[in-house]
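Quick notes on the structure that follows.
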Amino acid sequence: MRTSATTTAAAARLSFPILIQQPTSFVNYRHHLFSSSSAFALRLPKVSRLTARVFSSFQVAMGDAPDAGMDAVQRRLMFEDECILVDESDRVVGHESKYNCHLWEKIESGNMLHRAFSVFLFNSKYELLLQQRSATKVTFPLVWTNTCCSHPLYRESELIDEDHLGVRNAAQRKLLDELGIPAEDVPVDQFIPLGRILYKAPSDGKWGEHELDYLLFIVRDVNNNPNPDEVADVKYVNRDQLKELLRKADAGEEGLKLSPWFRLVVDNFLFKWWDHVEKGTLKEAADMKTIHKLT
């Protein structure tokens, strides 16, 4: 059934007084508004960044003190995005908001293990594209990491297990969202899944990660236009430049930090896989049967 703009507006006018009359709260309001992406879409078919900022202001006014400092765009994604919950064998067991999946107390007390992916994009000179996460990211702001790190969402196109197509679809989507890389520059059939890791890492005491992470490699020359809401900086590095970056991070120089998942991949796999990148033999290195539990 189609919902007209008039009907949607009327529904919104009816729902807000009811919610505001419940002083308990804003938690109920927030859950009602953001827990279901379909319900959210019914009320606000086109969510712009401006709209997100308006709702963020409303949330703060309603007393959402613990998260009052959260960037409006990141706040919207935290409640709108539904991550795919899995068990340690990577079987889908449900879904949960990105917000709950990254709260450290929930990670420690419940099953918030969710699917993720990490893209390692090399150019034709076999240099690896790195990004520095934006200052407004909720987890691990301003750390340097691999090309793109995110989550397949609980939606049909990103739940496809065959040939890991769901994860590859998600990777293509997020490369556009974060780095402005057009889909035609990174065809889904060019992503090569090399392995999976399972890890847990705290961020700042409140937030953290508990992920079953697909490691996707791709060799393409691309155009990029980073989204400042997601990315503070980008650069290509060769092996020696990456080793210097690692040295600085270990020495605490220049305040340089690396994401925990990137460091795990670097320490366990990256340089030997880089050999395969240069030789054009990446598929020979793939092992998608093993889930590596790393700490």
Side-chain angles (χ1 to χ4, degrees), residues 81-98 100-104 106-122 128 139-140 143 145-175 186 188-203 207-219 258-277 281-295:
D81 286 358
E82 289 282 317
C83 294
I84 302 168
L85 297 180
V86 294
D87 62 19
E88 292 193 356
S89 297
D90 198 19
R91 291 184 291 257
V92 176
V93 297
H95 57 97
E96 186 54 84
S97 70
K98 184 178 175 183
N100 283 336
C101 283
H102 292 85
L103 277 174
W104 189 247
K106 289 188 176 291
I107 291 171
E108 290 286 76
S109 63
N111 178 25
M112 289 294 149
L113 178 63
H114 55 278
R115 267 189 199 153
F117 63 83
S118 290
V119 174
F120 293 75
L121 185 149
F122 295 81
L128 173 62
T139 58
F140 303 99
V143 306
T145 191
N146 50 285
T147 312
C148 180
C149 331
S150 191
H151 315 91
L153 300 181
Y154 195 80
R155 58 177 62 164
E156 185 176 358
S157 63
E158 297 182 12
L159 281 163
I160 303 170
D161 284 331
E162 185 177 359
D163 296 326
H164 317 293
L165 181 57
V167 175
R168 291 189 283 123
N169 283 337
Q172 185 188 63
R173 170 178 60 83
K174 286 303 292 183
L175 284 168
V186 282
V188 292
D189 62 359
Q190 294 300 301
F191 290 104
I192 301 175
L194 289 190
R196 292 175 291 176
I197 64 171
L198 194 160
Y199 76 96
K200 182 189 293 187
S203 177
W207 306 102
E209 296 283 6
H210 191 202
E211 297 184 328
L212 202 153
D213 193 8
Y214 283 66
L215 309 179
L216 306 177
F217 276 51
I218 185 169
V219 182
L258 303 177
S259 73
W261 60 88
F262 180 48
R263 191 60 195 253
L264 287 170
V265 176
V266 169
D267 291 344
N268 289 275
F269 307 110
L270 182 56
F271 288 108
K272 62 184 178 183
W273 285 348
W274 209 315
D275 292 336
H276 287 281
V277 169
T281 57
L282 271 173
K283 290 183 179 179
E284 295 178 10
D287 174 12
M288 293 305 294
K289 293 182 179 180
T290 306
I291 298 173
H292 301 273
K293 296 182 181 180
L294 303 178
T295 56

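Because only heavy atoms are used, hydrogens play no part in the values below, and waters and symmetry mates are left out as well, while side chains stay in.
Sorted by first and then second residue, the side chain to side chain donor-acceptor pair (under 3.5 Å) pairs with a member in residues 264-274 read Arg263-Asp267; sequence neighbours excluded.
Looking at heavy atoms from C-beta onward, Ile197 lies in side-chain contact with Val265 at the 4.5 angstrom threshold. Considering only heavy atoms from C-beta on, Val277 comes within 4.5 Å of Val219 through its side chain. Using a 4.5 Å cut-off on side-chain heavy atoms (C-beta onward), Asn146 and Trp261 make contact. Ile291 places a side-chain heavy atom less than 4.5 Å from the side chain of Leu212. Side-chain contact between Val119 and Tyr214 is absent, with no heavy atoms from C-beta onward closer than 4.5 Å. A heavy-atom distance below 4.5 Å is found between the side chains of Arg196 and Met288. Here the side chains of Phe120 and Leu216 are not in contact, with every heavy-atom distance at 4.5 Å or above. The closest side-chain heavy-atom distance from Asn169 to Leu165 is below 4.5 Å.
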* Taking it one step at a time, do Tyr154 and Leu85 satisfy side-chain contact (heavy atoms from CB on, under 4.5 Å)? -> CA-CA 9 Å; Tyr154 195 80; Leu85 297 180; over 6 Å; no

* **Intermediate values then yes/no, side-chain contact (heavy atoms from CB on, under 4.5 Å), His114 and Glu209** => CA-CA 9 Å; His114 55 278; Glu209 296 283 6; 3.9 Å; yes

* salt bridge (Lys or Arg N to Asp or Glu O under 4.0 Å) assessment of Glu158 paired with Arg115 -> CA-CA 11 Å; Glu158 297 182 12; Arg115 267 189 199 153; over 6 Å; no

* Asked: For His292 and Phe269, what are the C-alpha separation, side-chain angles and deciding distance, and is it a ring pair (Phe, Tyr, Trp, His ring centres under 6.0 Å)?
  -> CA-CA 11 Å; His292 301 273; Phe269 307 110; 5.0 Å; yes

* To do: Kindly indicate, with the supporting measurements, whether the criterion salt bridge (Lys or Arg N to Asp or Glu O under 4.0 Å) is fulfilled by Glu82 and Arg155.
  => CA-CA 8 Å; Glu82 289 282 317; Arg155 58 177 62 164; over 6 Å; no

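Atom CG of residue Leu153 and atom CG of residue Leu159 lie 9.0 Å apart, to the nearest 0.5 angstrom. Distance check: Leu270 CG to Leu128 CG gives 6.5 Å after rounding to the nearest 0.5 Å. Here the NE2 atom belonging to His210 is positioned 8.0 Å from the CG atom belonging to Asn111, to the nearest 0.5 angstrom. Put simply, OG1 on Thr295 and CG on Leu198 are 11.0 Å apart, with the number rounded to the nearest 0.5 Å. From Leu282, atom CG reaches atom CD1 of Ile192 across 4.5 Å, with rounding to the nearest 0.5 Å. How far SG of Cys149 is from NZ of Lys174: 10.5 Å, rounded to the nearest 0.5 Å.
No donor-acceptor distance shorter than 3.5 angstrom exists from the side chain of Thr281 to the backbone of Glu284, with no hydrogens or angles considered. In this structure, Arg168 contributes its side chain and Asp163 its backbone to a donor-acceptor pair below 3.5 Å. With Thr145 contributing its side chain and Ser259 its backbone, the two residues share no donor-acceptor pair below 3.5 Å.
Contact record, Gly166 with Pro152: O-CB, 4.5 Å, taken as the closest heavy-atom pair. Listed here is the closest heavy atom pair of Val93 and Asp87: CG1-N, 4.0 Å.
Residues Glu211 and Tyr199 bring a donor and an acceptor atom of their side chains to less than 3.5 Å of each other. When only modelled atom types and interatomic distance are considered, Thr139 and Ser203 share no side-chain donor-acceptor pair under 3.5 Å. Remark: the Ser118 side chain and the Asp213 side chain contain an N/O donor-acceptor pair separated by less than 3.5 Å.
In this structure Lys293 satisfies the side-chain hydrogen bond (donor to acceptor under 3.5 Å, both in side chains) test together with Glu88, sequence neighbours excluded.
Ring centroids of Phe117 and His151 are separated by 6.0 Å or more, keeping the two rings apart. Checked against the 6.0 Å centroid criterion, the rings of Phe217 and His276 do not qualify as a close aromatic pair.
Remark: Lys200 NZ is packed, more than 12 non-hydrogen atoms of other residues, nucleotides or ligands lying under 6.0 Å away.
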